Every structure is written in structure tokens, then in C-alpha cells.
Amino acid sequence: MADRGVPSAAVSPPDDWPAHPDRTLALNHMGSFDWDLERGLLHLDQAALEVFDLRPDEFDGRPESLARRIPRSEVVRLRAALAEAIKESAGGYGMYYRIYDREGSVRWIHAQSHIRYDEEERAYRVVGIARNADQELSEAAARIEVDEGRRRLTGVVERTTALLARAGTVQDVIQVLSDEEALGHIRAVSLMLGIVEGGRIRLAAEGRQNSFAPELEYTRVEGQYPMSEVVRTQRPLFITSREEFRTSYPLFWPYVESLPFSSGAYLPLIAQAQPIGVLGILYPRRGEFSDEERNVLVALGSTIGQSLQRAMLFDQEHDLAQGLQQAMLPRSIPDVPRTSIAVRYRAARIGRNIGGDWYDVIPLPGGRVGLTIGDVQGHDTDAAVVMGQLRIVLWAYAAEGHPPATAMARASAFLHELDTERFATCTYVELNLATGTLQIVRAGHLDPLVRRADGSCEWISTSGGLPLGLSADFPGPGGISYPVTVGHLGPGETLLLCTDGLVEQPGTDLGNRLEVLKETVRAGPSDVEKLADRLGEAVGDQGGGDDVALLLLRRDEENPGRG
């Protein structure tokens with residue numbers, strides 16, 4: 001052991017240190033070149049020959065010989081780059097270009113060149129280095145592909161979120177998930193949406209491959225299926241191969257075996273810590289899902305879960321409100337001798353509820369019948385409740401034998417006394433079946449329309465009063481009053497009463513819409529049921545999203561019933 005404090009003997013450097021530049025270039029797969037522009041000579045050292053995959057006997061020192069190894073389009077690019085650099089008096093330039101190796105395969109080369117100028121600033125020589133750039137560009141391409149994949153997946157989430165923001169119902173959500181615009185860039189073979197209903201999972205949507213199997217429409221939560229497992233665990237499931245599908249889910253495998261997929265992702269749709277559904281995505285590619293892919297897919301599932309929850313609540317609230325309103329409408333239309341009667345009601349989805357449109361047919365003594373059509377202000381459950389009360393009150397006043405004007409005035413007073421801010425429009429018609437005499441009372445509503453026996457149509461111009469609920473504030477002489485207009489409905493003629501949802505449409509003139517309705521009735525079938533269907537198709541479907549109530553009565557010579 002050497003004594004402390006005694007300096008070690010100096011270490012002599014190796015004979016080839018430092019490395020010669022040519023050796024440094026060669027060890028790093030780089031070669032040098034020297035291009036004499038005036039004499040048309042090109043020198044490549046041994047390392048450069050290897051970069052271009054040339055043997056010494058295959059290169060004669062002329063640029064044209066090397067150009068045979070370079071695609072013509074690349075030769076044009078090289079010459080253009082050199083000309084541009086010379087024009088700008090640049091000291092050099094660098095570029096990537098392709099060459100052919102001796103087997104005819106394409107390689108990528110990067111050359112870094114320095115331009116030398118004479119005293120008259122003329123370029124006469126280009127010297128530089130060339131290196132194989134295949135690995136470099138492969139890594140760059142891989143990074144680009146990763147970045148592109150990241151942008152694509154993120155874009156899927158953004159596009160889907162934007163589309164789901166406009167989805168109000170479960171069916172709207174299903175349509176978004178079946179839309180190529182939303183998930184077309186996810187590059188999936190198939191997409192499935194399952195909704196949890198009690199202890200079962202209902203397959204609500206299956207997109208792209210249209211491989212729906214009736215046996216899979218309902219599956220048990222405790223079953224051996226991917227969706228069932230995700231519902232039980234509330235955790236995403238990523239399956240990386242067909243073999244994993246076949247061995248882990250043998251009951252499911254026969255239904256998907258024919259699909260061209262090799263992996264799948266199943267995402268739980270969670271709301272308030274409870275699974276409400278599952279999103280299943282099958283991919284053609286095989287292999288693991290990267291952490292980033294998993295994170296993006298989980299984010300996609302979260303977005304869809306939130307939208308599905310909103311849509312389910314919307315549907316539940318709307319179904320409740322619609323059920324309430326249906327309960328407030330007449331359960332059946334009575335048989336009225338010597339008439340054919342048809343009614344239609346179509347609820348509109350405005351906000352989260354429905355409105356207060358109604359109709360009624362009231363048999364009266366003495367061969368008479370009362371017809372009412374009306375619309376309570378607003379589109380919510382309160383409007384439906386007020387509608388039910390008002391309909392029953394008007395029916396009761398008419399059935400008690402009050403004349404049309406009195407029945408309407410009392411109904412208006414009743415609505416005013418309900419201590420609600422709602423008002424209602426209404427038309428009440430009393431028809432004497434023996435004579436065809438009509439007594440019409442109108443409270444801020446549309447006039448009745450009549451199709452005559454000769455096929456012509458006309459609106460019955462009716463004196464009107466204020467909407468119900470408002471007239472109590474403006475009593476006339478002797479109290480609240482509504483004028484009565486007398487008309488006539490002959491044998492074979494049809495009377496139409498409707499709410500404004502049948503004719504109103506935002507951005508259109510009401511007068512034009514009324515003319516459309518009039519022409520549709522004129523040209524329509526004589527059978528009132530068929531005519532009611534025609535009106536719903538030709539006029540109602542173009543409406544502005546409001547409720548629609550329609551009542552048709554045809555006075556017949558005989559009693560054919562209600563069609």
C-alpha cells in the first residue's frame with residue numbers, strides 16, 4: 001500500500017487520445033463530404049460512404065453517381081435548398097432527405113452543410129457532414145403519434161361533452177353516443193350503453209357494428225358479463241385480448257366472437273355514488289391501454305354519467321308531470337247521439353314539465369252537448385293541477401244547467417279565487433243536436449273552425465271576453481259577463497276546437513298558420529279520427545314546442561258512433 005502523502009505516478013493518455021475528428025464522426029455513424037461546385041467533384045470519406053450504403057468501388061466522385069441513390073423529388077429539394085442558401089448568402093443549411101440503400105429500401109439522411117465563398121462572394125465549395133436519421137425520425141414520429149393520440153382522445157371528450165350539453169332526455173344521450181360526430185374518432189369497433197334498472201342492466205344503445213343480440217338486451221347484475229362486473233365493482237375494466245374475453249366471460253363471448261375487435265374498455269357511469277349505467281367500447285387493436293388512455297376514457301365515462309343522470313331525472317319529472325296531466329284529462333269521451341267525435345292531446349317538452357291544455361265533452365239534457373277547449377298559462381305541474389280543477393269546475397257548472405255565458409263567468413271567478421297567478425284561455429260551445437244551433441263563448445281563445453257540407457271552411461267570428469281569472473278584476477255592468485255568439489252546424493258539417501300549440505310557431509305569422517290549418521281541414525278526410533291524425537302530421541308537428549289539444553265534432557244524420 002502506498003504511503004500517504006506520496007503523489008501517484010502520472011497516468012499517460014492513450015496514443016489515440018484525443019480521438020481524431022474522422023474517428024469521432026465514424027463512431028457516431030456520421031461521415032464528411034466536400035463538394036467542389038466549380039469542378040463538379042464530390043468527396044465522401046469512408047464513414048460517409050457507409051452512411052449512403054456505398055462501397056468505394058461504387059462511387060466515382062461525381063455528384064451524379066450519388067444522385068442515383070436519391071429519389072428525384074429529393075434531388076429537386078436539395079438543389080432548391082442550396083440555391084436558396086446561396087441567394088441569401090447564408091453560411092450554410094441543413095435538411096432531412098431520403099435515399100435508397102443497396103436493397104432499394106428508403107432511409108432518412110440528415111446533412112449539415114457549410115458554404116464557402118471566394119473573394120467575389122461566389123459560392124465555390126460545400127463541406128459538411130451526413131448522418132443516418134432513421135432512428136431519430138422514428139422516435140419523432142412515435143412522439144407525434146402519441147401527441148396525436150392524446151389530442152384525438154381529448155378531442156373525443158370535448159366533442160362528446162359539447163353534444164351532451166344539449167341532450168335533455170335519455171334518448172338524446174343515446175343518439176349522441178350513436179353519432180359518428182361524437183365518437184367517430186375514438187376508432188372503436190362497437191359502442192354499447194347499458195342502463196341499470198333494479199337488478200338488471202338494459203342494453204339501451206349499440207352503435208357502429210349493429211350487432212345487437214336480443215339475448216343481451218337484459219342481463220343480471222350478478223351475471224358473468226363485463227358490464228355486470230363493472231356495475232358490481234364500480235371500477236373501470238380494461239380487457240387487452242380476445243383470449244381474455246373468451247376465458248373470462250364465456251357466456252358473453254359467443255355474441256361478440258364474430259366482431260373484428262381485440263380489446264375493450266368498460267366504464268362505470270356513476271351518479272351520487274351509485275352505478276346508473278355502463279359504457280362499453282370495443283377496439284380493433286390488441287394490447288394494454290396506456291395510463292393516459294385510461295385517464296381520458298375514465299373522464300369520458302364521468303361526462304356521460306353526469307349527462308345520463310340529468311337525462312334520467314328529466315324523463316322521470318316529465319313522466320310524472322305528464323301522468324298528472326293525463327289524470328286531469330277526461331278518461332274517456334262519452335257517446336253522443338248523431339255525432340262523431342275525435343280528440344287528441346300531445347304533450348310538449350318545455351323546461352322539465354308540461355302544460356295545462358285540456359278538452360272536454362259534456363252531455364247535457366234536452367239533446368244538447370257542451371264542448372270545451374282551454375289552456376292554462378305556464379308549463380309546469382302547477383299548470384296541470386290548475387287545469388284539472390278548472391276543467392272539472394266548468395264541467396260542473398255546465399252540467400248544473402247554467403247557460404254558457406254564466407258557466408264561463410263562474411269558472412273565471414273560481415280561478416280568480418284560487419289565489420294563483422295563473423290565467424287561462426278557453427272556448428265553450430253548446431250544440432243543440434236537433435237544430436244544429438251553436439252557442440259560443442270565448443275567453444281570450446281561438447275562434448272555432450267549421451268545415452261546411454259543401455267542403456268549404458270558415459272561422460266563426462266570435463265576440464270574446466278576457467281570459468279566465470282576469471275578468472273578475474274587470475266586471476261589467478251587473479257583474480262578470482261574457483258575450484254569446486250564435487252559429488249553426490248543419491248535418492255532415494265538422495266543428496274544430498284547438499289550442500294555440502296547433503298553429504303557433506316561432507318566427508312565423510299566426511295568420512298564415514291559421515290559413516294552413518284551414519286548408520288542411522278543408523282538404524282532409526271526412527272521418528274525424530283520420531282528420532285528427534292528418535292535422536297532427538301536417539300542422540302539429542311543425543309547432544313551436546307547445547302542448548296541443550284538439551277536439552273535432554261532426555254532426556251526422558245517423559249515429560255512426562265515434563269512429
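Keep in mind that the numbers below use all heavy atoms, side chains included, and drop hydrogens, waters and symmetry copies. Source: prediction; values computed, not measured.
S302 contributes no side-chain N or O that, together with a main-chain N or O of V298, makes up a donor-acceptor pair within less than 3.5 Å. Listed for the T520 side chain is a donor-acceptor partner under 3.5 Å among the backbone atoms of V516. Side chain of S307 to backbone of T303: a donor-acceptor contact under 3.5 angstrom is found. With hydrogens and angles disregarded, a donor-acceptor distance shorter than 3.5 Å links the side chain of H114 to the backbone of G91. For S248 (side chain) and E244 (main-chain N/O), a donor-acceptor pair under 3.5 Å exists by modelled atom type. With hydrogens and angles disregarded, no donor-acceptor distance shorter than 3.5 Å links the side chain of R242 to the backbone of S262. Proximity of a side-chain donor or acceptor of R294 to a complementary backbone N or O of F289 within less than 3.5 Å is detected. When atom types are taken as modelled, the side chain of R107 and the backbone of D134 share no donor-acceptor pair closer than 3.5 angstrom. For the pair R125 (side chain) and D118 (backbone), a donor-acceptor distance under 3.5 Å is absent.
A heavy-atom distance below 4.5 Å is not found between the side chains of D53 and E103. Contact of the V127 side chain with the S32 side chain is not registered, since no non-hydrogen atoms from C-beta on lie closer than 4.5 Å.
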Evaluate I70 against I109 for side-chain contact (heavy atoms from CB on, under 4.5 Å), listing each step before the verdict.
CA-CA 10 Å; I70 305 175; I109 299 295; over 6 Å; no

Stepwise, does the ring-ring contact (aromatic ring centres under 6.0 Å, His included) test hold for F245 with F261?
CA-CA 10 Å; F245 267 104; F261 78 99; 4.9 Å; yes

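Environment of CZ in R232: crowded, with over 12 heavy atoms of neighbouring residues, nucleotides or ligands closer than 6.0 Å. For R79, the CZ atom is loosely surrounded, since the number of other residues' heavy atoms within 6.0 Å does not exceed 12. Around CD of E64, the count of heavy atoms belonging to other residues, nucleotides or ligands within 6.0 Å exceeds 12.
Of all the heavy atoms in S263 and G287, the pair that sits closest is CB-O, 4.4 Å. In this structure, A204 and I195 approach most closely via the heavy-atom pair CB-CD1, 3.8 Å.
Ring to ring, F52 and F59 are not that close: their centroids are 6.0 angstrom or more apart.
With respect to M30, the side-chain contact (heavy atoms from CB on, under 4.5 Å) criterion is satisfied by exactly one of Q112, H110, R131, E50: R131.
Taking CD of E257 as the reference point, atom CZ of R246 lies at 7.5 Å (rounded to 0.5 Å). Put simply, CZ on R220 and OH on Y225 are 11.5 Å apart, with the number rounded to the nearest 0.5 Å. The CG atom of L42 sits 7.5 Å away from atom CH2 of W35, with the distance rounded to the nearest 0.5 Å. Rounded to the nearest 0.5 Å, atoms CD (Q234) and CD1 (I270) are 4.5 Å apart. Rounding to the nearest 0.5 Å places CG of L193 at 8.0 Å from CG of L203. Rounding to the nearest 0.5 angstrom, the gap separating the CG atom in L517 from the CG atom in N512 is 12.5 Å.
Judged by the 6.0 Å distance and 45° axis criteria, R285 is positioned over the aromatic ring of Y283. Cation-pi geometry between R200 and Y218 is met: under 6.0 angstrom from the ring centre, within 45 degrees of the axis.
At a threshold of 4.0 Å, the pair E74-R77 counts as salt-bridged, since one of the basic side-chain nitrogens sits closer than that to a carboxylate oxygen. Between E243 and R286, at least one side-chain nitrogen of the basic residue sits less than 4.0 Å from a carboxylate oxygen of the acidic one, meeting the salt-bridge criterion.
A donor-acceptor pair shorter than 3.5 Å cannot be found between the side chains of Y266 and E229. Residues T499 and D357 bring a donor and an acceptor atom of their side chains to less than 3.5 Å of each other.
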